[in-house]
Amino acid sequence: MYATETRNRERWGQNTPRIRITLFLLFVLLVTVRIIPWGFAWYGLGALLAIRALISLLVLFRRTSPKAQKKGNAVRNLVGGTMLLGLAVIPLLLFPRSTPLQRTASNAVGTMVYTWIDESREDSFTAESDYRKVTVQFWYPALTAEENAPVLEGPFPLVVFSHGAFGYRMSNHSTFMELAGNGYIVASIDHTHQAFMTKEADGTVILGDSGFIRTAMDVENGKITGEELYHLQKDWMALRSSDMAFVLDQIRKQVALPTSNEVFHQLDIERIGVLGHSMGGATAAWIGREDDAIDAVIVLDGTLMGEIVGFEQGKEVVTDVPYPKPILDVFNESHYEDAKSIGLDYANMRMQEHASKAFQLVVNGSGHLNFTDLPLVSPLLASLLGTGSVDPRYCMEITNAAVREFLDYHLKGEGTESLPFRRV
């Protein structure tokens, strides 16, 4: 009996390298014929299969038969292999295959990335003395759909986007594609250290600052309130609005520079819109007050921190100075109900009351992250972080259409003006 078990283990040991190599080759074949959509979600499993296949090749080339494993070792190897496989497939569970939203225009969209250094500001997040670096990705109407593709002839209006806390520049990719395909040049900012990850133009990856993440979570959980929260939000807004102002200044310099990329020469710098999600929406609204050249502002489910100008007698002081340009304020359902119950003491409601042209859109059943692409690419992760009962695709289709139509009217003079209030 023991001899039979030993021979079985020896045969399994001899065949294991061939099985692992076969599995890897099968995986490569499925990726090549696009049955498996190669991307981030598959990196872990691909790396695991490749490493195991490489080790198996070395075993075969040495022409030595693996020694029969003791039963205890075999069990440990099985458990270890199962754990590794489990870790490798986690990305597949978090990022299942998804179909991109259908765009309303079929024009090709190109993209390019720049990292610019602001020598007027020190980077407060780094231990060493560094200037602040800001990375920006552009999407634009192009001849072909690829990186650094030739731009179509413009001129095209400029739209600048700011992500939310823990977000990053790709958070609303479907929105950028929709706008670029319809004749806009979009610039999405990575707020370095406040983004969960920044990949600079040279490939350097910078992860989000752990201190900022902890502080933001404390705010979310109600551990920081009152005057401490007011000063903290002012610091966040100062950093982010300076990032956006710097990016706008750099774009204007590139437009004026004869040797810059042709994309900048197809920009109509006299037509500018800004938008953002969550804290990025607050950033867009703030810079909309500061920069007279901005023509339209969109806030995707953000509290307008920049409208809060003081803290007195235990309460926030909200400005009564009229908001100077058209602004679209998009709410998730519970956010709007809470804002309505607070009334004019809430920054967004006070801004709406005193704005020159203010518009509201409420999406029933939506949650905070339903105004980003995260529920489309990672339903599980998005549900853990905050989504509503609304169909994610429907919500982003409504959002992208509202964004495009608002900008079409206020930057291009096309279409009809939005209703002051819509609930869908």
Side-chain angles (χ1 to χ4, degrees), residues 159-165 167 171-172 175-176 178-179 186-189 191 194 233 236-237 240-241 243-245 248 272-291 294-309 316 318-319 321-340 342 344 346-363 366-373 386 395-396 398-407 409-411 417-424:
V159 179
V160 182
F161 178 86
S162 172
H163 62 75
S171 68
N172 284 61
T175 311
F176 310 151
E178 173 69 9
L179 290 174
V186 182
S188 181
I189 302 170
H191 295 284
Q194 286 194 352
Q233 290 176 340
W236 286 348
M237 287 295 95
R240 283 170 159 259
S241 62
D243 283 351
M244 188 173 272
L248 283 165
I272 301 176
V274 292
L275 77 153
H277 174 252
S278 191
M279 198 189 302
T283 304
W286 181 317
I287 204 72
R289 278 195 181 274
E290 299 293 316
D291 192 332
I294 291 171
D295 301 295
V297 178
I298 301 174
V299 179
L300 300 178
D301 207 35
T303 296
L304 302 185
M305 302 173 188
E307 299 294 293
I308 304 168
V309 295
E316 295 173 342
V318 183
T319 183
V321 178
Y323 199 82
K325 54 202 61 173
I327 182 168
L328 172 62
D329 206 356
V330 181
F331 290 89
N332 80 61
E333 185 174 14
S334 63
H335 182 190
Y336 177 72
E337 295 301 329
D338 290 343
K340 192 168 63 169
I342 296 170
L344 296 181
Y346 186 61
N348 296 53
M349 292 309 200
R350 182 73 65 86
M351 181 278 296
Q352 290 278 334
E353 181 76 11
H354 296 287
S356 60
K357 274 194 174 184
F359 307 87
Q360 291 179 324
L361 171 64
V362 182
V363 181
S366 59
H368 187 56
L369 287 173
N370 283 119
F371 301 102
T372 72
D373 287 342
C395 190
M396 280 308 295
I398 290 291
T399 301
N400 292 346
V403 167
R404 178 177 52 78
E405 290 165 6
F406 185 80
L407 294 175
Y409 183 82
H410 293 285
L411 298 186
E417 190 170 37
S418 304
L419 295 173
F421 178 82
R422 280 200 303 152
R423 189 162 188 163
V424 296

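Quantities reported herein were computed from a predicted structural model and do not represent experimental measurements. Position 1 is the first residue of the sequence; numbering continues from there.
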**Study point:** Sidechain-backbone polar pair: Asp301 side chain, Asn332 backbone, donor-acceptor under 3.5 Å
**Key:** yes
Could you tell me if the side chain of Glu316 sits less than 4.5 Å from the side chain of Met305, heavy atoms only? no
One should read off an interatomic distance between Lys357 NZ and Leu328 CG, to the nearest 0.5 angstrom, of 13.5 Å
Closest heavy-atom pair, Pro324 versus Gly288, reported as atoms and distance to 0.1 Å, is CG-O, 4.2 Å
Closest heavy-atom pair, His191 versus Ser162, reported as atoms and distance to 0.1 Å, is NE2-OG, 2.7 Å
Minimal heavy-atom distance between Thr399 and Leu300, with the atoms involved, is CG2-CD2, 3.9 Å
Thr372 and Met396 have their tightest heavy-atom pair at O-SD, 3.4 Å
Interatomic distance, CG@Asn400 vs CZ@Phe176, rounded to 0.5 Å, equals 9.5 Å
To the nearest 0.5 Å, atom CG of Leu369 lies from atom OG of Ser171 at 9.5 Å
Q.
Taking the six-membered ring for Trp, are Tyr409 and Phe359 closer than 6.0 Å centroid to centroid?
A. no
Q: Just do the side-chain contact (heavy atoms from CB on, under 4.5 Å) check on Val318 and His354 with the steps written out, would you?
A: CA-CA 11 Å; Val318 183; His354 296 287; over 6 Å; no
Looking only at heavy atoms, the pair that brings His335 and Thr303 closest together is NE2-OG1, 4.1 Å
Check your understanding: Hey, mind stepping through Val321 and Arg289 against side-chain contact (heavy atoms from CB on, under 4.5 Å) and telling me if it holds?
Key -> CA-CA 10 Å; Val321 178; Arg289 278 195 181 274; 3.8 Å; yes
query = Any donor and acceptor pair, going by atom type alone, linking the side chain of Lys325 with main-chain N or O of Val297 inside 3.5 Å?
reply = no
d(Gln360 CD, Asp329 CG) to nearest 0.5 Å is 6.0 Å
* Can you tell me if Asn348 uses its side chain to pair, donor with acceptor, with the backbone of Gly302 under 3.5 Å? -> yes
The reported gap from CE in Met351 to OH in Tyr346 (rounded to nearest 0.5 angstrom) is 10.0 Å
query: Is any side-chain heavy atom of Val403 less than 4.5 Å from a side-chain heavy atom of Val159?
result: no
- Main-chain N/O of Phe371 paired with Asn172 side-chain donor or acceptor, under 3.5 Å: yes
Fill in: Main-chain N/O of Gly367 paired with Asn370 side-chain donor or acceptor, under 3.5 Å
yes
Quiz prompt | Side-chain ion pair, Arg350 and Glu353, N-O less than 4.0 Å | solution = no
Review point. Taking it one step at a time, do Val362 and Phe421 satisfy side-chain contact (heavy atoms from CB on, under 4.5 Å)?
Key: CA-CA 8 Å; Val362 182; Phe421 178 82; 3.8 Å; yes
Show the atom names and distances, to 0.1 Å, of all donor-acceptor pairs under 3.5 Å that link a side chain in residues 274-287 to residues at least two apart or in another chain.
{"residue": "His277", "atom": "NE2", "partner": "His368", "partner atom": "O", "Å": "2.9"}
{"residue": "Ser278", "atom": "OG", "partner": "His368", "partner atom": "NE2", "Å": "2.9"}
{"residue": "Thr283", "atom": "OG1", "partner": "Met279", "partner atom": "O", "Å": "2.9"}

When rounded to the nearest 0.5 Å, the distance separating CG of Leu411 from CD1 of Ile272 is 9.0 Å
For Ala296 and His410, the nearest pair of non-hydrogen atoms, with its separation, is CB-CB, 3.9 Å
Ion pair Arg240/Glu290, N-O distance below 4.0 Å: no
